[in-house]
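Below is one structure, written out as structure tokens; comments come after it.
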Amino acid sequence: TFLTDSGVFSRGELDLGTRTLLNALPDPGDGRVLDLGCGWGPVGVLLGAQYPQARITMTDINQRAVALAKRNAEQNGVKAVAVVGNGLENAPGPWDLIALNPPIRTGKAQVYSLFLDSAAALSTQGALYVVMRKQQGADSAKQYLRTLFKEVATVARKAGFHVFRCGGATAGKDNQ
């Protein structure tokens, strides 16, 4: 059961992009998982419920969203940390898995900045999972991700949404 509110993405129900991303995510084991741009917390809370050994952190720039994510984790018995921050500023890593449904409406520069920061914050074996709609730039985003990662693969597709698994980060702090 989840609480949502006005002023947060997909307040009425779980959107298809996030649902597609969730279905593509692997078992994180006891790894460190970041739900980047968590909104009201569906990814972090559902991963934490399914894989209680994972160490979940959720972050979002929206204070209302983070408050909802915290409440949703608590009411669902999920152990997770939720922090307010712009991108990864309060969640520096290293992360074994980062899940991202990027805020497309903030613009390409902001979205690509999240990709770059994620690449720099992953552990050696870590992976970034990104969901994007083809109509909202999935192809060009995939090309950019290939400049940051050795491996970029499409691991799921549904109704125009593509989920990319990005591993072997080549971008580091010196690339920023």
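Note that this is a predicted model, so its numbers are computed, not measured. Residues take their numbers from the sequence shown, with the count starting at 1.
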Tell me if a side-chain donor or acceptor on [X] pairs with a main-chain N or O of [Y] at a distance below 3.5 Å.
X	Y	result
T20	L16	yes
N90	V84	yes
D35	G44	yes
Q75	T1	yes
R55	D30	yes
T154	F164	no
N76	V78	no
D96	R32	yes

Is it possible for you to say whether [X] and [Y] belong to one hydrophobic cluster, with membership spreading through side-chain heavy-atom contacts below 4.5 Å?
X	Y	value
V81	L88	no
V66	V45	no
W40	V83	no

For [X] against [Y], the heavy-atom pair lying closest together:
X	Y	answer
Y51	P26	CE1-O, 4.3 Å
N101	L21	N-CD2, 4.3 Å
V33	A54	CG2-CB, 4.3 Å
V111	P102	CG1-CB, 3.7 Å
P92	A121	O-CB, 3.4 Å
T59	G85	OG1-N, 3.8 Å

Straight-line distance of [X] [atom1] to [Y] [atom2], nearest 0.5 Å:
X	Y	atom1	atom2	value
M58	K70	CE	NZ	9.0 Å
M132	L145	CE	CG	8.5 Å
D117	L128	CG	CG	11.0 Å
E151	R146	CD	CZ	11.5 Å
L34	S118	CG	OG	7.0 Å
L36	Y129	CG	OH	15.5 Å

With a 4.5 Å cut-off on side-chain heavy atoms, are [Y] and [X] touching?
X	Y	answer
R19	V131	no
T18	V43	yes
L25	L97	yes
W95	P28	no
K79	P52	no
D139	K134	yes
P103	L114	yes
F115	L100	yes

Practice prompt. Verify the neighbour count for atom CD of Q125: are there more than 12 heavy atoms of other residues, nucleotides or ligands below 6.0 Å?
Written response: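 It does not: Q125 CD has 12 such atoms or fewer within range.
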Worksheet item: Got more than 12 heavy atoms from elsewhere within 6.0 Å of NZ, K158?
Response: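 It does not: K158 NZ has 12 such atoms or fewer within range.
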